[in-house]
Amino acid sequence: MLNMLRSLLLLVVFCFLTCSCSDPEIEEEEINARAFMDILNAETGEDINLLSNLEWDYATNLTDANLKRKTQFAADMSVRVKVRWEEVMKYNWKAFSDPTLKRQFMLYSLLGDAALSKDEIVSLHRIIGDMSKIYSTAKICDYSDKTQCNLSLEPDIVEIHANSRDEAELKHVWVSWRDAVGPHIRNMYRDYVHLLNKTAHLNHFKSADELWLFEYEEFNMKSLKGQIRTLWEQVKPLYQQLHAYVRHGLRKRYGSIVSENGPIPAHLLGNVWSQSWANLADDFKPFPNAAEQDITKNLKKQNYTVEKIFRTAEDFFTSIGLPKMVDLFWKKSIFTKPSDRNIICHASAWEFQDGEDFRIKMCTKVTEENFNTVHHEMGHIEYYMLFKDLPLPFRRGANPGFHEAVGDLVSLSVKSPKHLKKLNLFDARLDDPELMLNNLFEIGMTKLPLLPFSYMVDQWRWGVFSGKIPFDDYNCKWWELRQELQGLEPPVPRSEADFDPGSKYHIPSSTPYVRYFVAIILQFQFHRAACEKAGQYDRNNPHKLLHLCDIYQNKAAGTAIRQMLSLGASKPWPEALYTMTGQHVMDASALLEYFRPLQTWLEKKNRENNVHVGWEKSTKTCTKGK
Ligand code: X8Z
Ligand code: ZN
């Protein structure tokens, strides 16, 4: 009774506050604003649809004519965007009472690159288009047959890094790939930075790093840079243990070119950028005598085709109640590399703002790495499909890291031994602790090196954008950060004639990278929440630890994921995080808990081997000037 009275009183106070404060003029403006927003969303959606189609045309056929069409359209569109934005800014939207409407206005209040002149937009799009083309079409010569000079990044260079254990060959490929891209785009990159900073200034930001961080809505919280720094400090000891263990193994294999206490040479880690070390997992697994569980080999043995990998991924998503891929997806996606034209092979997932057209573009091979990437890309498509009916400004991830985390979240279950066994990709007993640890090690080798790498890439770019890293220090600062954060060194001395950042896709294509750091932290938070809902997680029960959980066919976990994804960006991201996890902040404890058995094992092993943990300064130099 007392409670009822209190509720009644609260209701009266609430009505008094909201009704008496509302201003009839604002109320009327809000009604008009709603009608305006409907038109704005429809017109903007049409423009984005056309632009996305032209972008797809270029990405899947890198001709000058296609770049011109896309660039011209973007420039023309920017005029319309600016006119619409000027209308947006006439509204007193900060005073609106409808939070949904207010938030749409807030998201439209960033003009973005439409603040530039048409000519500048043409230049910006042309530079990014040209840099991406140089990256995507670069070729290098074969190591043993130097007359054969048609090796491309995907598949050749990627495969050599994955499979070769010949140090000289690896060095040749590593250096050649950087020679084939970096120097050709170095000067273009300076012009690009200038235009991006100009965009930032016109949008009232100090530099482009602030513009890029707008999507994280920092104005509501501690700066994202600060959050990342704290999270990195928490996971760093685990990374250092893995680093020390792998360096020890590499030194045994390659001898003194791998120093005992220094950074690891970057060409030996099974990956062009050393961002995943998964291709060395089999070489250094904790229990080498346990039955072999090489997923790439098993995929081939079980006759997995590219199509079967996509169908397998789809089956997982639908098993937890998420939507299946639509017919158009299967018709319009590109799953393998065409031989009759140049395309951007780097995998991506596309939406076209029409509610039915969703596509993946990928030069897929039947490997474990690509098996993960297919799940990753399909996660993007699931997100697109689940928020497709929201008002246009909300059709994006709660923040970019959420978008990157969806497919990876599912992969955490797919890669559990229990699930791999279901897929015939694991053929041993599930109660063998050695195999469980080998499996966890493989996942650690995939995920953990991406943490410092993703942090490093955008720390470098933030420095470049803000002017802390000047043009004549671009490459040396890149290596300083590579050393400091990843504990890596180049296999040969570097100089400012090189431009090694350019050899990583996201630099020429102007794609922000810290989102992958955020995604790694989040996916474990999501996984813990999903496994809890599935009744498969109990930190005190050795059979219910996080790394053993598989949410396949679990509707309770699926419903929670669905709810979070269906929110899109309609709320600030901490709220989306809360709906799924009951937490408002990013938190590394789930990741650390997931890898606890691995960390314990690594610490013991490094102690036994008397291995130095951490790294001293590299002896490899980077020379300023050319
Ligand atoms: O770029 C990607 C995806 C597309 S969003 C294939 N990833 C990063 C990379 O390849 O560098 C996924 C992991 C990190
Ligand atoms: Zn992605």
Side-chain angles (χ1 to χ4, degrees), residues 55-56 59 132 135-136 153-155 157-158 161-162 177 181 215 266 269-279 306 309-310 313 317 333-335 337 343-351 358-365 367-385 396-412 414-415 443-458 460-461 482 485-486 500-524 526 565:
E55 283 179 338
W56 173 270
S132 303
Y135 178 94
S136 292
L153 177 64
E154 292 191 42
I157 299 172
V158 163
H161 271 285
W177 169 243
V181 186
E215 294 184 289
L269 288 154
N271 177 279
V272 184
W273 310 275
S274 321
Q275 66 183 69
S276 158
W277 304 347
N279 290 314
V306 167
I309 295 181
F310 276 89
F317 286 105
S333 291
I334 294 181
F335 294 146
K337 185 174 181 175
I343 79 164
I344 294 180
C345 264
H346 191 88
S348 52
W350 297 62
E351 66 181 334
F358 306 99
R359 307 177 202 168
I360 285 175
K361 171 186 66 56
M362 186 169 163
C363 301
T364 323
K365 291 273 166 188
T367 63
E368 171 171 23
E369 213 166 331
N370 278 200
F371 182 72
N372 296 340
T373 306
V374 168
H375 287 82
H376 175 94
E377 297 305 329
M378 211 174 267
H380 286 305
I381 303 284
E382 289 291 343
Y383 219 155
Y384 294 148
M385 290 198 290
R396 41 175 124 175
N399 74 33
F402 278 64
H403 227 309
E404 299 303 336
V406 181
D408 290 11
L409 156 67
V410 157
S411 278
L412 289 179
V414 174
K415 302 274 290 271
I443 299 172
M445 293 283 273
T446 309
K447 306 275 176 194
L448 299 174
L450 190 56
L451 282 162
F453 181 67
S454 49
Y455 186 27
M456 189 283 300
V457 170
D458 271 3
W460 181 81
R461 264 190 301 207
R482 287 272 259 179
L485 292 160
Q486 290 182 274
D500 296 328
S503 74
K504 174 65 199 165
Y505 173 73
H506 300 69
I507 302 284
S509 71
S510 188
T511 313
Y513 210 77
V514 79
R515 56 184 56 178
Y516 302 108
F517 183 99
V518 172
I520 299 176
I521 302 292
L522 287 177
Q523 65 193 249
F524 288 95
F526 297 159
L565 302 189

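All ligand and atom numbering here is 1-based and tracks the order in the structure.
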Classify the side-chain pair [X]/[Y] by whether it contains a donor and acceptor separated by less than 3.5 Å.
{"X": "H380", "Y": "E404", "result": "yes"}
{"X": "N279", "Y": "E368", "result": "no"}
{"X": "D408", "Y": "H376", "result": "yes"}

Review point. To the nearest 10°, what's the angle at the Zn ion (ligand 2) between atoms NE2 (H376) and OE1 (E404)?
Key: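 Roughly 90°, rounded to 10°.
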
Practice item. Of all the heavy-atom pairs spanning A313 and V374, show the shortest one and how long it is. Key: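 Answer, listing the atom of A313 first, then V374: CB-CG1, 4.0 Å.
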
Review point. Among all protein non-hydrogen atoms, which one is nearest to atom 1 (O) of ligand 1, and what is the separation to 0.1 Å?
Key: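 Result: H346 NE2, 2.7 Å.
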
Exercise for review: Name the closest protein heavy atom to atom 11 (O) of ligand 1, giving the residue it belongs to and the distance to 0.1 Å.
Suggested key: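 So the nearest neighbour among protein heavy atoms is Y513 OH, 2.5 Å.
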
Check your understanding: Is the W350 ring parallel, tilted or perpendicular to the W56 ring (thresholds 30°, 60°)?
Key ->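 Perpendicular: the ring planes of W350 and W56 meet at over 60°.
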
**Study point:** Distance, nearest 0.5 Å, that separates CZ of R461 from NE2 of H506
**Key:**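 NE2 of H506 is found 8.0 Å from CZ of R461.
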
Going by the order shown, which atoms of ligand 1 are within less than 4.0 Å of some heavy atom of [X]?
{"X": "H380", "result": "5 (S)"}
{"X": "E404", "result": "5 (S)"}
{"X": "A347", "result": "4 (C), 6 (C)"}

**Study point:** Heteroatom distance test (E377, ligand 1): nitrogen or oxygen, under 3.5 angstrom
**Key:**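 Looking only at distances, the answer is no, because the N/O contact criterion of under 3.5 Å is not met.
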
Point to revise | Check: K504 N/O within less than 3.5 Å of ligand 1 N/O | key: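 Yes, there is a polar N/O contact under 3.5 Å.
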
Check your understanding: Are any of the heavy atoms in S348 under 4.0 Å away from ligand 1?
Key ->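 The answer is no, since S348 has no heavy atom less than 4.0 Å from ligand 1.
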
**Study point:** Check ion pair E377-R359 (N to O, under 4.0 angstrom)
**Key:**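 So E377 does not pair with R359 through a salt bridge.
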
Point to revise | Nearest to the Zn ion (ligand 2) - the N/O/S atom of H380, by atom name | key: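 The H380 atom nearest to the Zn ion (ligand 2), restricting to N, O or S, is NE2.
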
**Study point:** Side chain proximity check, D458 to F517, heavy atoms < 4.5 angstrom
**Key:**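 They are not in side-chain contact.
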
Point to revise | Candidate with minimal heavy-atom separation from atom 2 (C) of ligand 1, of F453, Y516, W273 | key: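 Selected option, by shortest heavy-atom distance: Y516.
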
